[in-house]
Asks: 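This structure is in structure tokens; I'll ask about it shortly.
Note: hydrogens, waters and symmetry copies are ignored here, and every other heavy atom, side chains too, is used. Atoms within a ligand are numbered from 1 in the order they appear, just like the ligands themselves.
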Amino acid sequence: MKRILVTGGAGFIGSHLCERLLSENNEVICLDNYFTGSRDNIAHLFNNPRFELERHDVINPFMAEVDEIYNLACPASPIHYQYNAIKTIKTSVMGAINMLGLAKRTRATILQASTSEVYGDPTVHPQLESYWGNVNPIGIRSCYDEGKRCAETLFMDYHRQNKVDIKIIRIFNTYGPRMHPQDGRVVSNFIIQALQNKDITIYGDGTQTRSFQYVDDLVEGMIRMMNTPKTFIGPMNIGNPNEFTMLELAEKIIQLTNSTSKITSLPLPSDDPKQRQPDIGLAKEMLNGWEAKIQLEEGLKKTIAYFKGK
Ligand code: NAD
Ligand code: UDP
């Protein structure tokens with residue numbers, strides 16, 4: 001039995017990861033400050049004796065004896081990470097330093113939930129791990145993008161200098177049940193608007209693209225990554241390469257919800273990436289043929305069912 005720490009474990013992705021790790025008979029410590037996560041997301045795990053909950057902020061050091069760490073603590077939606085930009089960058093950078101320090105002391109393997117945002121508004125398409133990105137260091141998304149880039153740097157330096165066992169994954173847009181209904185991300189926004197027959201808010205002309213991955217596929221990829229040989233550290237993309245424009249997404253959600261919503265256009269926020277699609281060749285090679293299994297329509301149906309029940 002392994003003892004596994006999941007920071008940000010009460011969030012959207014973290015709650016699914018905790019659930020899956022418990023189902024595989026691990027002990028799980030879920031650490032969260034509940035900024036964007038909630039106890040509701042993990043309430044169904046409370047009566048499992050192998051599950052522990054810690055209210056803690058990763059900008060402060062944390063002590064525990066653990067075998068593995070999944071470092072997810074960080075607000076992930078533009079609304080939430082821009083709400084307190086300084087706190088966001090502190091969470092990424094100081095959180096990484098504190099969790100890497102813990103990994104160093106305990107000799108745990110630590111996996112960083114990095115992001116496709118490290119590629120910024122990419123000029124290379126699809127994005128390969130070797131691409132260094134096109135990131136504005138002084139814009140409104142920088143607290144998140146540059147925070148995550150700096151965390152990657154820290155992971156590499158702890159690995160080179162202190163021989164810490166690390167894994168870096170770059171997660172592409174992920175959706176599913178337990179997304180925060182008010183975090184403003186496109187999938188949850190459109191579903192909630194469609195279910196209420198309200199206008200669907202497209203930012204800009206809706207031709208910008210994203211490639212959407214269902215959360216279960218991501219969790220499978222994360223666990224496989226953690227279990228790769230020590231010599232493989234990434235960074236590695238995890239995403240579903242099926243790419244859609246925001247207009248296509250809106251139309252699909254209107255159709256799946258039988259909604260009478262109309263599409264309306266709002267200004268495009270600054271630095272909003274025009275296109276995004278992962279190259280997952282490395283993931284397929286290193287994770288025994290891993291690839292996303294749940295395509296958009298199936299994943300949207302599950303997510304719509306979740307929001308209908310809220
Ligand atoms: P989320 O906001 O639901 O989860 C983040 C969790 O971290 C929340 O429970 C929050 O309360 C917690 N947290 C935030 N700051 C903290 C702090 N200082 N100390 C302790 N806990 C803190 O978002 P998510 O979508 O589940 O994202 C999880 C991770 O995956 C994040 O690191 C995010 O950057 C990364 N990621 C997500 C996506 C995506 O599409 N969902 C894409 C790329 C990367
Ligand atoms: N978006 C939109 N309407 C919304 C929310 C988002 O058109 O109500 C757009 C946003 O401008 C971006 C895309 O959808 O181009 C994805 O936004 P999200 O915040 O989900 O993720 P990210 O931009 O971080 O990939």
Asks: When you measure from atom 5 (C) of ligand 1 to every protein heavy atom, which one gives the shortest distance, and what is it?
Replies: C74 O, 3.2 Å
Asks: List the residues meeting side-chain hydrogen bond (donor to acceptor under 3.5 Å, both in side chains) with N173, not counting sequence neighbours, and say none if there are none.
Replies: R276
Asks: State the atoms of ligand 1, each with its element, that fall below the 4.0 Å cut-off from a heavy-atom position in G8.
Replies: 6 (C), 7 (O), 9 (O), 12 (C)
Asks: Say whether G37, considering both its backbone and side-chain N or O atoms, lies within less than 3.5 Å of an N or O atom on ligand 1.
Replies: yes
Asks: Out of L31, T36, T174, L17, whose heavy atom sits nearest atom 40 (O) of ligand 1?
Replies: T174
Asks: Among N197, I191, L195, whose side chain to side chain contact (heavy atoms under 4.5 Å, CB included) with S259 holds?
Replies: N197
Asks: Do D121 and K274 meet the salt-bridge criterion of a basic N to acidic O distance under 4.0 Å?
Replies: yes
Asks: Could you identify the single nearest non-hydrogen protein atom to atom 19 (N) of ligand 1 and state the distance to 0.1 Å?
Replies: V58 N, 3.0 Å
Asks: Less than 4.0 Å is my threshold; does some heavy atom of K148 fall inside it relative to ligand 1?
Replies: yes
Asks: List, pair by pair, the atoms of ligand 2 and of the protein that are both N or O and lie under 3.5 Å apart, giving the separation rounded to 0.1 Å.
Replies:
unit_1: ligand 2; atom_1: 3 (N); unit_2: T201; atom_2: O; d: 2.6
unit_1: ligand 2; atom_1: 7 (O); unit_2: Y203; atom_2: N; d: 2.8
unit_1: ligand 2; atom_1: 8 (O); unit_2: N189; atom_2: ND2; d: 2.8
unit_1: ligand 2; atom_1: 8 (O); unit_2: T201; atom_2: O; d: 3.2
unit_1: ligand 2; atom_1: 8 (O); unit_2: T201; atom_2: OG1; d: 3.0
unit_1: ligand 2; atom_1: 8 (O); unit_2: Y203; atom_2: OH; d: 3.3
unit_1: ligand 2; atom_1: 11 (O); unit_2: D272; atom_2: OD2; d: 2.6
unit_1: ligand 2; atom_1: 15 (O); unit_2: Q208; atom_2: NE2; d: 3.1
unit_1: ligand 2; atom_1: 15 (O); unit_2: R210; atom_2: NH2; d: 3.3
unit_1: ligand 2; atom_1: 15 (O); unit_2: D272; atom_2: OD1; d: 2.6
unit_1: ligand 2; atom_1: 15 (O); unit_2: D272; atom_2: OD2; d: 3.4
unit_1: ligand 2; atom_1: 20 (O); unit_2: V186; atom_2: N; d: 2.8
unit_1: ligand 2; atom_1: 21 (O); unit_2: N173; atom_2: ND2; d: 3.4
unit_1: ligand 2; atom_1: 23 (O); unit_2: R141; atom_2: NH2; d: 3.0
unit_1: ligand 2; atom_1: 23 (O); unit_2: R210; atom_2: NH2; d: 3.1
unit_1: ligand 2; atom_1: 24 (O); unit_2: R141; atom_2: NH2; d: 3.0
unit_1: ligand 2; atom_1: 25 (O); unit_2: N173; atom_2: ND2; d: 2.9
unit_1: ligand 2; atom_1: 25 (O); unit_2: R210; atom_2: NE; d: 2.7
unit_1: ligand 2; atom_1: 25 (O); unit_2: R276; atom_2: NH1; d: 2.7

Asks: Please determine whether a side-chain nitrogen of the Lys or Arg among D279 and K284 lies less than 4.0 Å from a carboxylate oxygen of the Asp or Glu.
Replies: no
Asks: Donor-acceptor pair, D271 side chain versus R141 backbone, under 3.5 Å?
Replies: no
Asks: Return a yes/no value for R185: is any of its N or O atoms, backbone included, closer than 3.5 angstrom to an N or O of ligand 1?
Replies: yes
Asks: Using atom types as modelled and distance alone, determine if a side-chain donor or acceptor of N84 lies under 3.5 Å from a backbone N or O of K87.
Replies: yes
Asks: Which pair of non-hydrogen atoms, one from T88 and one from P75, has the smallest distance, and what is that distance?
Replies: OG1-CG, 3.8 Å
Asks: Tell me the contacting part of H56 for ligand 1: side chain, backbone, both, or neither, using a 4.0 Å heavy-atom threshold, strictly below.
Replies: backbone
Asks: What is the closest protein heavy atom to atom 11 (O) of ligand 1, and at what distance does it sit?
Replies: D32 OD1, 2.6 Å
Asks: Can you tell me the protein heavy atom closest to atom 36 (N) of ligand 1 and the distance?
Replies: Y144 OH, 3.9 Å
Asks: Under 3.5 Å, sequence neighbours excluded: what are the donor-acceptor pairs made by side chains of residues 100-115?
Replies:
unit_1: R105; atom_1: NH1; unit_2: E65; atom_2: OE2; d: 3.1
unit_1: R105; atom_1: NH2; unit_2: A64; atom_2: O; d: 3.3
unit_1: T106; atom_1: OG1; unit_2: L102; atom_2: O; d: 2.7
unit_1: T106; atom_1: OG1; unit_2: A108; atom_2: N; d: 3.4
unit_1: Q112; atom_1: OE1; unit_2: N71; atom_2: ND2; d: 2.9
unit_1: S114; atom_1: OG; unit_2: E152; atom_2: OE2; d: 2.6
unit_1: T115; atom_1: OG1; unit_2: E117; atom_2: N; d: 2.9

Asks: Do you know which two heavy atoms are closest between A194 and S261, and how far apart they sit?
Replies: CA-OG, 3.5 Å
Asks: Can you tell me which residue and heavy atom of the protein come closest to atom 43 (C) of ligand 1, and the distance to 0.1 Å?
Replies: I171 O, 3.1 Å
Asks: Which is it for H80 and ligand 1 at heavy atoms under 4.0 Å: side chain, backbone, both or neither?
Replies: neither
Asks: Any heavy atom of G95 sitting closer than 4.0 Å to ligand 1?
Replies: no
Asks: Can you hop from I169 to I294 via hydrophobic side chains spaced under 4.5 Å?
Replies: yes
Asks: N240 and side chain to side chain donor-acceptor pair (under 3.5 Å): which single residue from Q295, K293, Q213, E291 fits?
Replies: Q295
Asks: With a 4.0 Å heavy-atom cut-off (strictly under), which part of Y34 contacts ligand 1: side chain, backbone, both or neither?
Replies: backbone
Asks: F212 and L296: which non-hydrogen atoms are nearest, and at how many Å?
Replies: CB-CD1, 3.9 Å
Asks: State whether the shortest distance between N or O atoms of S116 and N or O atoms of ligand 1 falls below 3.5 angstrom.
Replies: no
Asks: Say whether F12, considering both its backbone and side-chain N or O atoms, lies within less than 3.5 Å of an N or O atom on ligand 1.
Replies: yes
Asks: Counting N and O atoms only, with roles assigned by atom type, does the side chain of T264 sit under 3.5 Å from a partner on the main chain of T201, one being a donor and the other an acceptor?
Replies: no
Asks: Is N173 close to ligand 1, meaning an N/O of one under 3.5 Å from an N/O of the other?
Replies: no
Asks: When you look at D40 and K310, which way does the salt bridge (Lys or Arg N to Asp or Glu O under 4.0 Å) test go after all the steps?
Replies: CA-CA 12 Å; D40 284 350; K310 286 292 282 174; 5.7 Å; no
Asks: Would you check the N or O atoms of L72, main chain and side chain alike, for any that come under 3.5 Å of an N or O of ligand 1?
Replies: yes
Asks: What residue and heavy atom of the protein are closest to atom 4 (O) of ligand 1, and at what distance?
Replies: G11 CA, 3.6 Å
Asks: Tell me the contacting part of S114 for ligand 1: side chain, backbone, both, or neither, using a 4.0 Å heavy-atom threshold, strictly below.
Replies: backbone
Asks: Looking at atom 16 (C) of ligand 1, what's its closest protein heavy atom, distance included?
Replies: N33 OD1, 3.3 Å
Asks: When you check the gap from the basic side-chain N to the acidic O, do K252 and E248 get nearer than 4.0 Å?
Replies: no
Asks: Strictly by ring pair (Phe, Tyr, Trp, His ring centres under 6.0 Å), give each pair with a member in residues 166-206 just once, sequence neighbours left out.
Replies: H80-H180, Y175-Y214
Asks: Are the charged groups of E220 and R20 less than 4.0 angstrom apart, N to O?
Replies: yes
Asks: Atom 37 (C) of ligand 1: which of V215, T7, I13 has the nearest heavy atom?
Replies: I13
Asks: Who's the nearest protein heavy-atom neighbour of atom 27 (O) of ligand 1, and how far?
Replies: A76 CB, 3.6 Å
